[in-house]
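Working notes, structure below.
Chain identifiers are assigned alphabetically (A, B, ...) following the order of the sequence lines, protein sequences preceding nucleic acid strands; residue numbering begins at 1 within each chain. Remember, predicted model here, so these are calculated numbers, not experimental data.
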Protein chains: 2
Amino acid sequence: METAQPRHTRTPRGTLSRQLLLDTAMEIVDIGGVGGFSMRALGARLNIDPTAVYRHFRTKNELLEALADRVVRGDEPLPHTGDPRADLRETFAQLRGSLLRHPTLAPIVLRRPPGGEASWERTNHAIGLLRQAGLPDRQASDAYTTLLFYTLGHALTEARHTAATIARKGPDATVTPITAIGSSASRYPHLAAVADHLAADMREQFHDGLTLILSALAI
Amino acid sequence: METAQPRHTRTPRGTLSRQLLLDTAMEIVDIGGVGGFSMRALGARLNIDPTAVYRHFRTKNELLEALADRVVRGDEPLPHTGDPRADLRETFAQLRGSLLRHPTLAPIVLRRPPGGEASWERTNHAIGLLRQAGLPDRQASDAYTTLLFYTLGHALTEARHTAATIARKGPDATVTPITAIGSSASRYPHLAAVADHLAADMREQFHDGLTLILSALAI
DNA sequence: ACCTGAACACCGTTCAAGT
DNA sequence: ACCTGAACACCGTTCAAGT
């Protein structure tokens, strides 16, 4: 045996593109997490020399941020029902959903909101809804910030748990609710008292928190 | 010249400890960010072989998480004025302050709340305040989650900006307010309308958001 | 008992060379 | 024009050896 696995066909010329590289990178990241992604792994999956990627992305970080922008964009159209409260709920629920579909990318999204092009469209839409609901500019701005950070923080923590489960049991594993309060809880009486609720379904928790914030805004 | 910089004294035996390693690691991280931290860098700063660290921490990650736990603990005592609303504000303001004092560690803290020992004491205290304010368990749990995620998300974004400024201008640079909305804002009318407010002082924004949430809780 | 240093299996990125 | 491959300067971690 001369070569373990000879490359059967030389990679044709016009094969590579930002599109293809991002699609492939997203596959790698969804399967093995950001930690499992490397330029060499990307090259291997495309049967291409790792350094060929540098023709389309200046650095690995630029590629990861393009991935994060995709996550923020999501696939669903922004809601326009005419009811600002319902549309706001839906907008942020969409953001949460997209983050949970790519849980391992959540930390990267959180490292740079809301800078990317995709984020700006979403930001503009949400602020429009808040103004439509009658909030003055300053209050709309604060409210947007509050809702965004709440959603990102919440989704990241849920995503962290989902990502850990995937790492253990593979991509289609059923995700169990967070427990992990453990033995030390007896030393923390208040914690123990609400433990069942803390471990509860995070989707419900997310929507309850959203209700809390929207009520405070009288929306 | 035989050796560029000969080690004058052999490192004495009992020198290393978790304490010393964490202190030194925190220095490195505060100066150069998490990206500038490596086992080799830690070894170099202590004039010690990098692999000696493995006697005290099983992995680099375990060391970083111990650092994150320190950040969550903070240096200030938890507030006990008897006024739950004031104490809640102070508790989360302390958490924000500690995150901003070590801005580059914020992403690591966010990757695993509230698991560490230090976090549990803070969690227990905050939930105690919410129950003291009269909230039933389920609502106290939701409220805590909301406040925590809000604070973490807010602080991380502010920390991200601070960290970027430090990387550019050194550890004592004055941090300018976030602007960065740029030319594209004209394509997003709602964004442009509130741009001044979005760029405003983040400390004030944080407290306004906190007020919003606490009001919703009728605290 | 505690620290060292060589070694292993990786990284991101650059750049001259091939086709 | 686009892709390759050798090379550079790094990583985290293991383990046998030194003191």
Side-chain angles (χ1 to χ4, degrees), chain A residues 2-25 28-29 31-68 104-105 107-108 111 167, chain B residues 2-25 28-29 31-68 104-105 107-108 111 167:
Chain A
E2 298 85 340
T3 316
Q5 215 149 322
R7 191 173 293 174
H8 294 123
T9 51
R10 212 185 173 295
T11 306
R13 278 307 146 110
T15 301
L16 251 42
S17 67
R18 280 179 75 95
Q19 264 281 345
L20 177 62
L21 287 168
L22 286 177
D23 287 344
T24 313
I28 295 174
V29 152
I31 293 169
V34 178
F37 174 77
S38 71
M39 298 306 242
R40 282 169 159 93
L42 179 55
R45 185 167 251 256
L46 283 167
N47 245 278
I48 253 186
D49 192 279
T51 64
V53 179
Y54 287 87
R55 207 144 283 273
H56 299 88
F57 295 93
R58 261 190 338 218
T59 63
K60 178 192 177 186
N61 203 52
E62 190 179 299
L63 197 157
L64 284 176
E65 299 212 334
L67 240 36
T104 69
L105 279 173
I108 289 170
R111 218 155 59 197
Chain B
E2 298 85 338
T3 315
Q5 218 150 317
R7 191 173 295 173
H8 294 123
T9 52
R10 212 184 174 296
T11 306
R13 279 305 146 112
T15 301
L16 251 42
S17 67
R18 280 179 74 95
Q19 264 282 344
L20 177 63
L21 287 167
L22 286 175
D23 287 343
T24 313
I28 295 175
V29 153
I31 293 169
V34 178
F37 174 78
S38 71
M39 298 306 241
R40 282 168 160 93
L42 179 55
R45 185 166 251 256
L46 283 167
N47 244 278
I48 252 186
D49 191 280
T51 64
V53 180
Y54 287 87
R55 207 145 283 273
H56 298 88
F57 296 93
R58 261 190 339 219
T59 63
K60 178 191 176 186
N61 203 54
E62 190 180 299
L63 197 157
L64 285 175
E65 298 212 336
L67 241 36
T104 68
L105 278 173
I108 289 169
R111 219 156 57 197

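For the P atoms, the distance linking dA9(D) with dA9(C) amounts to 22 Å, nearest Å.
Atoms CZ (Phe57(A)) and P (dT14(C)) sit 16 Å apart, rounded to a whole Å. Following rounding to the nearest Å, Lys60(B) (NZ) and dT14(D) (P) show an atom-to-atom distance of 14 Å. Computed from coordinates, the Leu64(A) CG to dG12(C) P distance equals 9 Å when rounded to whole Å. Across the protein-nucleic acid pair, Leu63(B) atom CG and dT13(D) atom C1' stand 14 Å apart, rounded to whole Å. A straight line from CG of Asp49(A) to C1' of dT14(C) spans 12 Å, rounded to a whole angstrom. If you measure from atom CE of Met39(B) to atom C1' of dT14(D), you get 12 Å, rounded to the nearest angstrom. For the pair Glu62(B) CD and dG12(D) C1', the computed distance is 14 Å after rounding to whole Å. For the pair Arg58(B) CZ and dT14(D) C1', the computed distance is 15 Å after rounding to whole Å.
Mapping His56(A) and Asn61(B) onto DNA chain D via the closest heavy atom, the residue that lands nearer the 5' end is His56(A). Comparing Arg40(A) and Arg55(A) by the nucleotide of DNA chain D whose heavy atom lies nearest to each, the residue mapping closer to the 5' end is Arg55(A).
Using a 4.5 Å heavy-atom cutoff, the side chains of Leu16(B) and Arg55(B) are not in contact. The shortest distance between side-chain heavy atoms of Ile108(B) and Leu67(B) does not fall below 4.5 Å.
Between Pro50(B) and Met39(B), the shortest heavy-atom distance links the atoms CB-O, 3.7 Å. Taking all atoms of both residues into account, the shortest heavy-atom contact from Lys60(A) to Phe37(A) is NZ-O, 3.6 Å.
Of the candidate nucleotides dA6(D), dT13(D), dC11(D), dC11(D) has the atom nearest to the side chain of Ser38(B). In this structure, of dC3(C), dG12(C), dT4(D), it is dC3(C) that holds the atom nearest to the side chain of Ala52(B). The listed nucleotides are dC3(D), dT14(D), dC3(C); the one nearest the side chain of Tyr54(B) is dT14(D). Of the candidate nucleotides dG5(C), dC3(C), dT4(D), dC3(C) has the atom lying nearest to any side-chain atom of Leu16(B).
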_Check against side-chain contact (heavy atoms from CB on, under 4.5 Å), Arg45(A) and Ile28(A)_ = CA-CA 9 Å; Arg45(A) 185 167 251 256; Ile28(A) 295 174; 3.5 Å; yes
_Intermediate values then yes/no, side-chain contact (heavy atoms from CB on, under 4.5 Å), Leu42(B) and Leu63(B)_ = CA-CA 11 Å; Leu42(B) 179 55; Leu63(B) 197 157; 3.8 Å; yes
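For Thr59(A) against dG12(C), a side-chain-to-base donor-acceptor contact under 3.5 Å is absent.
Secondary-structure stems of DNA chain C, taken as three or more successive Watson-Crick or G-U wobble pairs (i with j, i+1 with j-1) under a 3.5 Å distance threshold, comprise C:4-8 with D:12-16, C:12-16 with D:4-8.
Judged purely by distance below 3.5 Å, without hydrogens or angles, the side chains of Thr51(B) and Asp49(B) pair a donor atom with an acceptor atom.
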